[in-house]
Asker: 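Just passing along the structure, written as structure tokens.
Nothing here was measured: the structure is a model prediction, and the numbers come from that model.
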Amino acid sequence: KEKEGITGEVLKWYTGLNPETEWELQQARAATAKYRFDTVKAYQDGYRNISVDVENMGHHFLKAEYVDGTFDIRHPELLVYNGTHEGNMELVAVEYAVPINQPEPPGFTGTNDVWDHNTTFQLWLLHAWVWRFNPSGVFNPLNPDVHLH
């Protein structure tokens with residue numbers, strides 16, 4: 001019903017994805033559901049706010065031990081949160097990070113994901129908007145509907 005995906009199943013709004021990719025995105029959601037509205041749980045599990053706050057993305061929390069050169073759908077290196085109008089934090093996306101000195105990771109099944117060769121952070125980066133619908137696409141790094149709070 002609600003295309004912004006604030007509630008409910010946002011993945012149904014994405015079209016043109018390989019069925020295997022859809023299943024993989026569901027796995028990313030399932031693995032991060034416990035963090036949806038709970039940054040305390042994220043901290044308890046080793047994620048830290050790295051003070052990377054980007055308009056049209058959100059606030060980035062990193063689990064440094066996951067940055068090991070391995071792409072693992074169920075263990076994203078970063079959780080991307082945004083504040084709600086009520087002042088709480090809500091998980092909007094997950095982000096994968098692989099050291100830039102490694103080859104470009106295979107990523108999700110199909111050809112829709114786009115890894116960013118980010119020389120600022122010396123990482124390959126890939127966003128997956130599994131908690132907030134992104135009209136620009138599930139793997140687009142920027143979401144025009146997300147404004148920093």
Side-chain angles (χ1 to χ4, degrees), residues 1-50 52-63 65-98 102 104-118 121 123-149:
K1 282 168 42 169
E2 189 173 300
K3 218 167 188 174
E4 285 78 38
I6 293 171
T7 61
E9 176 58 58
V10 301
L11 297 180
K12 68 182 177 181
W13 295 106
Y14 296 114
T15 59
L17 295 174
N18 176 311
E20 182 73 15
T21 306
E22 291 176 8
W23 181 83
E24 292 167 347
L25 290 166
Q26 288 288 0
Q27 296 303 302
R29 265 179 72 96
T32 58
K34 63 184 171 184
Y35 305 123
R36 179 109 190 261
F37 297 104
D38 195 346
T39 56
V40 172
K41 181 67 175 161
Y43 274 105
Q44 289 171 342
D45 287 352
Y47 286 94
R48 298 292 176 257
N49 186 341
I50 57 171
V52 174
D53 308 315
V54 181
E55 177 66 14
N56 300 126
M57 276 187 201
H59 308 278
H60 293 70
F61 288 64
L62 173 72
K63 186 166 184 174
E65 71 185 65
Y66 283 173
V67 183
D68 59 5
T70 303
F71 172 74
D72 183 343
I73 290 167
R74 296 189 60 80
H75 297 98
E77 287 78 5
L78 295 117
L79 303 175
V80 184
Y81 285 89
N82 198 30
T84 65
H85 293 292
E86 296 79 29
N88 301 314
M89 293 292 271
E90 175 188 8
L91 184 61
V92 293
V94 296
E95 187 173 359
Y96 299 92
V98 172
Q102 304 286 321
E104 181 175 347
F108 289 83
T109 300
T111 58
N112 292 328
D113 58 354
V114 180
W115 287 90
D116 173 27
H117 185 259
N118 191 302
F121 295 109
L123 295 167
W124 289 100
L125 297 171
L126 173 65
H127 287 78
W129 293 89
V130 297
W131 290 106
R132 173 72 62 94
F133 178 73
N134 184 349
S136 300
V138 67
F139 296 116
N140 192 303
L142 299 177
N143 185 332
D145 291 341
V146 172
H147 303 286
L148 283 179
H149 293 288

Asker: Tell me which one of T39, L79, V80, L148 satisfies side chain to side chain contact (heavy atoms under 4.5 Å, CB included) with H59.
Answerer: L148

Asker: Test your reading of the model: is there a side-chain donor-acceptor pair from N143 to the backbone of S136, 3.5 Å cut-off?
Answerer: no

Asker: List the residues meeting salt bridge (Lys or Arg N to Asp or Glu O under 4.0 Å) with D72, not counting sequence neighbours, and say none if there are none.
Answerer: none

Asker: For the residue pair G107 and W115, what are the closest heavy atoms and their distance?
Answerer: CA-NE1, 3.8 Å

Asker: Keeping the roles fixed (side chain from Y14, backbone from W129), state whether a donor-acceptor pair exists under 3.5 Å.
Answerer: yes

Asker: Using every non-hydrogen atom in the two residues, find where E77 and Y66 come nearest and quote the distance to one decimal.
Answerer: OE2-O, 3.0 Å

Asker: Report yes or no: does N82 contribute a side-chain atom to a donor-acceptor pair with the main-chain N or O of H147 at less than 3.5 Å?
Answerer: yes

Asker: Where the side chain of E24 meets the backbone of T109, is there a donor-acceptor pair that is under 3.5 Å apart?
Answerer: yes

Asker: Any side-chain to backbone donor/acceptor pair from W131 onto R36? Under 3.5 Å, distance only.
Answerer: no

Asker: Taking R132 for its side chain and A93 for its backbone only, find out whether a donor-acceptor pair lies under 3.5 Å.
Answerer: no

Asker: Stepwise, does the side-chain contact (heavy atoms from CB on, under 4.5 Å) test hold for F37 with M89?
Answerer: CA-CA 6 Å; F37 297 104; M89 293 292 271; over 6 Å; no

Asker: Taking all atoms of both residues into account, what is the closest heavy-atom pair of E22 and L17, and its distance?
Answerer: OE2-O, 3.4 Å

Asker: Distance check, rounded to the nearest 0.5 Å: I73 atom CD1 versus R29 atom CZ?
Answerer: 15.0 Å

Asker: Quick one: are P76 and T32 in side-chain contact, heavy atoms under 4.5 Å?
Answerer: yes

Asker: Taking only Lys NZ, Arg NE, NH1 and NH2, and the carboxylate oxygens of Asp or Glu, determine whether D38 and K34 approach each other closer than 4.0 Å.
Answerer: no

Asker: Answer yes if the ring centres of Y35 and Y47 are under 6.0 angstrom apart, and no otherwise.
Answerer: yes

Asker: So, for P105 and F71, which heavy atoms are closest and what is the spacing to 0.1 Å?
Answerer: CB-CB, 4.3 Å

Asker: Which residues pass the side-chain contact (heavy atoms from CB on, under 4.5 Å) test with A128, not counting sequence neighbours?
Answerer: L25, V94, Y96, F108, V130, F139

Asker: Considering only heavy atoms from C-beta outward, does the side chain of L126 approach that of P141 to under 4.5 Å?
Answerer: no

Asker: Would a distance-only check, ignoring hydrogens and angles, find a side-chain to backbone donor-acceptor pair under 3.5 Å from H60 to V52?
Answerer: yes

Asker: Heavy atoms, side chains only, cut-off 4.5 Å: are T21 and D113 in contact?
Answerer: no

Asker: Does K63 offer a backbone N or O that forms a donor-acceptor pair with the side chain of R48 under 3.5 Å?
Answerer: no

Asker: Go through the steps for N112 and V138 under the test side-chain contact (heavy atoms from CB on, under 4.5 Å), then give the verdict.
Answerer: CA-CA 9 Å; N112 292 328; V138 67; 5.8 Å; no

Asker: State the CD-CG distance between E95 and L62, to the nearest 0.5 angstrom.
Answerer: 9.5 Å

